[in-house]
Amino acid sequence: MKGVKFMGVTVFCAAMVAVVALAAIRYKENTLVNPCEKLTTYSKLAGDPAEIIYDKEKQIIEPFAYFDDLYYVGLAWVGAYLLDTGDGLILIDTLHDPYVQVGQSNIKKLGFSPKDIKYVIVTHGHFAHVGGAACYHNKYGAKVIMTDAAHRKTKLDRNQKDFPITAPTVSRYVSDGDVLTFGDKTIKFYETPGHSKGALSLEFTVKDRGKEYTAFMLGGVGVYSRKPEAFDEFIATVNRVIGIVKDDNVTVGVIGHPMTANDLIKVGPSLSKRPNGQPHPFVDQKAYLEWLAKLKRDTEMKKKELLEDEKAGETATL
């Protein structure tokens with residue numbers, strides 16, 4: 001399969017592969033935990049490709065300034081972003097047990113306090129994104145924002161055998177076209193179905209050395225359903241995002257799983273040390289549009305394969 005370059009690295013839209021691999025992992029103890037404090041003990045299948053999730057030497061990385069006002073506080077495989085509004089902090093996605101503590105530690109390492117997080121925005125209801133939301137609400141009083149559909153999914157999944165999570169208390173349900181204005185930031189919300197029920201994408205501004213750019217975060221990559229209509233939904237979502245990127249002059253693509261799309265994890269720590277006049281490597285509309293186009297082609301291919309498999313199965317039963 002051929003890839004495209006996104007921020008200097010070849011992309012194969014591996015998010016789909018990574019999350020499917022996660023489904024093979026099982027909890028040793030199927031119990032809900034306090035997501036702020038306690039670590040869960042796991043078992044995993046030998047040779048599981050998602051084993052990196054439990055290898056702290058590979059998972060835990062130092063936080064860094066992505067832009068003047070946007071900070072990476074996530075893990076090697078899944079992102080969490082801290083947005084400084086001047087009047088308080090917004091946390092976008094929250095990591096998952098057993099790494100919620102790591103996210104809090106990362107925030108402190110950057111000189112911030114989790115107590116100053118006023119809002120937590122959850123892009124969708126998968127465990128790796130919503131897993132720490134209850135902690136930030138219960139322990140620090142942060143208001144949780146997500147879609148109603150994503151919250152309902154979280155409630156349904158909280159006692160699942162794989163990756164049980166604590167459903168957070170939600171302060172505000174948002175819908176397509178809603179906005180949050182806080183401090184010097186205005187975040188516009190888009191419902192972007194196909195990846196997960198209630199997936200939420202965000203448009204907001206970031207600054208690099210005082211210059212402002214428009215950023216977009218797609219709230220979930222890939223399709224994990226076997227229903228053709230889910231693929232159609234996601235293809236429509238990508239088409240819509242491509243239009244938004246062009247119409248609103250989006251030049252920064254913020255990725256939920258950066259290791260699957262660009263080299264942010266590799267070069268991120270050096271961003272603040274760039275010489276004067278050196279452009280920010282992640283301000284690149286062309287690369288983001290190429291990544292979205294590749295994502296669309298991959299989804300179309302997966303749908304075609306699904307339909308061919310279904311047709312072959314029907315033929316085999318004749």
Side-chain angles (χ1 to χ4, degrees), residues 1 11-27 45 48-50 53 77-79 93 96 122-131 133 146-165 167 173-176 189-202 216-244 255-257 259-261 291-317:
M1 182 188 298
V11 181
F12 297 99
C13 300
M16 289 179 274
V17 177
V19 179
V20 169
L22 294 178
I25 300 174
R26 297 293 185 268
Y27 277 85
L45 301 179
D48 194 302
I53 297 176
W77 92 280
V78 65
D93 285 342
H96 60 95
V122 178
T123 59
H124 59 285
H126 286 164
F127 77 101
H129 303 267
V130 71
M146 59 195 304
T147 64
D148 177 62
H151 193 220
R152 283 188 277 112
K153 174 176 173 52
T154 301
K155 289 179 178 179
L156 290 173
D157 290 351
R158 61 185 177 181
N159 290 318
Q160 65 179 334
K161 186 176 181 181
D162 299 332
F163 310 113
I165 50 181
Y173 294 115
V174 290
S175 301
D176 197 81
F189 298 105
Y190 299 88
E191 292 187 72
T192 46
H195 174 76
S196 176
K197 291 185 181 299
L200 187 68
S201 294
L202 321 174
F216 193 92
M217 183 173 183
L218 177 59
V221 176
V223 180
Y224 305 106
S225 171
R226 296 286 295 174
K227 297 179 180 179
E229 54 266 31
F231 288 83
D232 293 335
E233 281 187 332
F234 192 68
I235 291 167
T237 279
V238 176
N239 282 333
R240 185 186 184 196
V241 172
I242 289 172
I244 293 169
I255 308 298
H257 291 270
M259 67 175 286
T260 68
W291 178 73
L292 289 167
K294 177 69 167 58
L295 183 59
K296 177 184 174 182
R297 292 195 300 272
D298 281 356
T299 306
E300 290 171 337
M301 181 186 69
K302 293 293 184 181
K303 179 189 175 184
K304 181 180 178 181
E305 292 173 353
L306 172 65
L307 294 176
E308 289 175 348
D309 289 345
E310 290 180 347
K311 184 176 180 180
E314 291 175 359
T315 302
T317 60

Minimum-distance pair of heavy atoms, taken over all atoms of G125 and T154: CA-OG1, 3.7 Å

Kindly indicate whether the side chain of L202, heavy atoms from C-beta on, has any atom under 4.5 Å from the side chain of F189. yes

Compare all side-chain heavy atoms of N239 with those of K296 and state whether any distance is below 4.5 angstrom. yes

Test item: R240 and E191 side chains (from C-beta on) under 4.5 Å apart, heavy atoms: no

Could you state the interatomic distance from CE (M217) to CG (L200), rounded to the nearest 0.5 Å? 10.0 Å

Tell me whether K302 is salt-bridged to D298, with the criterion being a basic N under 4.0 Å from an acidic carboxylate O. no

Which pair of non-hydrogen atoms, one from G220 and one from H195, has the smallest distance, and what is that distance? CA-CD2, 3.4 Å

Short side-chain to backbone donor-acceptor contact, D93 and G79, under 3.5 Å: no

How far apart are the closest heavy atoms of S201 and T192, and which atoms are they? OG-OG1, 2.8 Å

V238 side chain reached by T299 side chain, heavy atoms, under 4.5 Å: no

I'd like to check V221 versus H257 (side-chain heavy atoms, cut-off strictly below 4.5 Å). Are they in contact? no

When you compare the side chain of D232 with that of K303, does any pair of heavy atoms fall below 4.5 Å? yes

Can you tell me how far CZ of R226 sits from CZ of F231, rounded to the nearest 0.5 angstrom? 7.0 Å

Checking H126 against H96: is there a side-chain donor and acceptor pair closer than 3.5 Å? no

Provide the closest heavy-atom pair for G222 versus L295 in the form atom of the first, atom of the second, distance. N-CD1, 4.5 Å

Pairwise side-chain contact, L218 with T237, heavy-atom cut-off 4.5 Å (strictly under): yes

With side chains defined as the heavy atoms from C-beta onward, is the minimum distance between H124 and V130 less than 4.5 Å? no

Look only at the side chain of T147 and the backbone of A150, and say whether a donor-acceptor pair between them is shorter than 3.5 Å. yes

Please give me the minimum heavy-atom distance between T123 and G219, naming the atom from each residue. CB-CA, 3.9 Å

To the nearest 0.5 Å, atom CZ of R297 lies from atom CG of L292 at 11.0 Å

